[in-house]
Novice: 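Take a look at the following structure, please.
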Protein chains: 2
Amino acid sequence: MSGSEIRTANCEKILQSATKMFAKVGFAGTRVQSIADDCGLPKANVLYYFKSKKDLYHAVLDQILTLWNSVFDKAEIDDDPAEVLSEYIREKMQLSLERPEASRVFALEIISGAQNIDAYLENELAEWFASRLAVIQSWIDQGKMQPINPKFLLFHIWASTQHYADFSAQIARLNRGELKGEEYEDATEYLVRSILAGCGLKPSE
Amino acid sequence: MSGSEIRTANCEKILQSATKMFAKVGFAGTRVQSIADDCGLPKANVLYYFKSKKDLYHAVLDQILTLWNSVFDKAEIDDDPAEVLSEYIREKMQLSLERPEASRVFALEIISGAQNIDAYLENELAEWFASRLAVIQSWIDQGKMQPINPKFLLFHIWASTQHYADFSAQIARLNRGELKGEEYEDATEYLVRSILAGCGLKPSE
DNA sequence: AAATATATTGACCAGTTGGTCAAGTTTTAA
DNA sequence: TTAAAACTTGACCAACTGGTCAATATATTT
């Protein structure tokens with residue numbers, strides 16, 4: 001393994017283990033030693049690549065925020081709301097299924113006051129949010145969907161989809177086993193239908 | 001202040017401060033000293049009433065779980081689903097508004113694997129859940145509402161209402177200020193309308 | 001009033017934790 | 001080949017934390 005490859009590979013391993021740990025017990029509950037154990041490196045080596053636990057945490061958050069990108073980013077006034085919203089909800093559910101730890105780290109950070117992603121919330125996300133509100137409002141103005149407050153619709157989508165990642169421990173117990181395969185798809189399609197119905201729409205496809 | 005009153009009053013103060021702290025930084029992140037500071041008692045006094053931090057945490061969880069009781073508990077086959085579900089969603093939203101810390105402590109506990117409320121989830125809640133599924137299914141069988149999977153409906157309600165407590169830091173920033181008063185009521189009525197529409201129902205009142 | 005139970009509190013301690021460091025090894029560049 | 005840069009790692013430490021305890025004070029009961 002070449003030099004720069006070593007760095008890349010080790011950083012990746014560390015980030016992966018760190019994400020797992022932070023998602024399970026939060027920042028304060030995570031031990032640098034347990035991250036090291038999890039990825040099979042000595043603790044001092046972990047702190048060689050990320051100079052402090054806080055640094056590592058920020059790196060994990062950065063990596064997670066790039067996952068939030070979506071088809072909805074490029075939605076325009078002329079697009080079909082049913083199509084765009086359906087796909088956005090499905091994407092979000094897929095993310096909850098494939099990267100639940102990412103969703104949980106994000107949730108923990110927000111619950112704890114979001115101090116470490118303040119800049120992200122106030123800049124990138126706020127901008128994204130405002131532009132999406134405008135698109136939804138234009139769909140309403142064109143009579144393509146019922147008049148609802150677009151803000152509440154976005155919160156609604158985030159809440160109901162992220163729940164499947166963040167609360168999977170509860171869901172798994174009430175369901176007597178993790179939701180998976182077809183049943184998870186059913187949950188997805190239920191959400192698509194329900195949320196779209198709230199906008200006076202029917203799912204695409 | 002009489003003897004037993006001292007105990008009651010101090011326990012209450014401690015529980016209140018503890019809830020606040022656990023909600024903000026989780027179990028691992030909370031310092032017994034900071035709970036003591038918050039309620040103006042010496043640390044040794046806090047540990048006199050609750051013999052360990054874990055004990056105190058369990059007391060906080062116990063207190064929170066009693067809040068989960070609701071009108072929906074007594075819903076029957078003969079009731080009107082629109083009425084019952086509307087009121088349940090409104091209750092849940094009210095709780096998110098009035099006791100956000102309770103919701104956050106619960107969320108943190110679930111995200112961390114729910115090991116401390118395992119018994120509650122598997123007994124009380126599982127029983128409640130099963131009986132509510134039956135009631136909803138009976139409404140469907142009677143043609144009172146559209147055929148949806150009752151499980152997903154309950155998850156949907158929990159997710160979308162608790163979100164306003166758990167993610168209020170994010171909401172406040174995107175909204176440029178906390179949702180409150182009329183705007184919070186608007187959010188509530190949006191959710192009622194939207195979720196009911198997903199069941200082919202219209203809000204009561 | 002005396003005896004007993006309950007409550008208060010500063011001082012203390014053992015275990016843990018994030019982070020440092022210096023000595024060594026491996027990889028890269030000249 | 002050799003010098004420099006990058007990487008590895010055990011040993012170490014200062015700061016912090018949950019929890020104990022003994023001494024004292026206050027309230028309750030007899």
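Computed from a predicted structure; not experimentally measured. Residue numbers begin at 1 in each chain, while the letters A, B, ... track the order of the sequences.
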Novice: Which of these nucleotides, C/dT20, C/dT17, C/dA7, is closest to any side-chain atom of B/Y49?
Specialist: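 That would be C/dA7.
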
Novice: Do you know which of B/W158, B/W68, B/F22 makes ring-ring contact (aromatic ring centres under 6.0 Å, His included) with B/F106?
Specialist: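 It is B/W68, the one option of B/W158, B/W68, B/F22 that forms the ring-ring contact (aromatic ring centres under 6.0 Å, His included) with B/F106.
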
Novice: What's the closest nucleotide to the side chain of B/I6 if the choices are C/dT9, D/dA27, D/dG18?
Specialist: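 Output: D/dA27.
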
Novice: Do B/K43 and D/dG19 share a donor-acceptor pair, side chain to base, under 3.5 Å?
Specialist: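 Indeed, a donor on one side and an acceptor on the other fall under 3.5 Å apart.
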
Novice: Do the side chain of B/S112 and the main chain of B/E109 share a donor and acceptor less than 3.5 angstrom apart?
Specialist: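 Here the side-chain-to-backbone pair does not exist.
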
Novice: Applying a 4.0 Å non-hydrogen cut-off, can you work out what A/T30 is touching in the nucleic acid: base, sugar-phosphate, or nothing?
Specialist: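 Sugar-phosphate: the residue A/T30, judged by heavy atoms under 4.0 Å, touches backbone atoms but no base.
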
Novice: Look at the side-chain N and O atoms of B/N10 and state whether any lies under 4.0 Å from the OP1 or OP2 oxygen of C/dT8.
Specialist: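 For C/dT8, OP1/OP2 do have a side-chain N/O of B/N10 under 4.0 Å.
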
Novice: Can you spot which of A/K20, A/Q33, A/K13 makes a side-chain hydrogen bond (donor to acceptor under 3.5 Å, both in side chains) with A/D38?
Specialist: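 So the option named by the test is A/K20.
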
Novice: Between C/dA7, C/dT20, C/dG19, spot the one nearest the side chain of A/A44, thanks.
Specialist: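 Within the option list, the nearest is C/dT20.
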
Novice: Does B/K151 make a cation-pi contact with B/F129 (under 6.0 Å, within 45 degrees of the axis)?
Specialist: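 Verdict for B/F129: no cation-pi partner in B/K151.
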
Novice: Mark yes or no for a side-chain to base donor-acceptor pair under 3.5 Å between B/K51 and D/dG19, with no hydrogen or angle criteria applied.
Specialist: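 In this structure, the two groups form no donor-acceptor pair.
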
Novice: Is the distance from OP1 or OP2 of C/dT6 to the nearest side-chain N or O of B/R7 less than 4.0 Å?
Specialist: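 No, because none of the side-chain N or O atoms of B/R7 sits under 4.0 Å from OP1 or OP2 of C/dT6.
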
Novice: Within the structure, does a side-chain N or O atom of A/Y48 lie under 4.0 Å from either OP1 or OP2 of D/dT8?
Specialist: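 For A/Y48, the contact criterion (side-chain N or O under 4.0 Å from OP1 or OP2 of D/dT8) is not met.
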
Novice: Is any side-chain nitrogen or oxygen of B/R31 closer than 4.0 Å to OP1 or OP2 of D/dG18?
Specialist: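 Indeed, a polar side-chain atom of B/R31 lies that close.
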
Novice: Quick one: which of C/dT20, D/dT9, D/dG19 gets closest to the side chain of A/L47?
Specialist: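 Among the listed nucleotides, the one closest to the side chain of A/L47 is C/dT20.
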
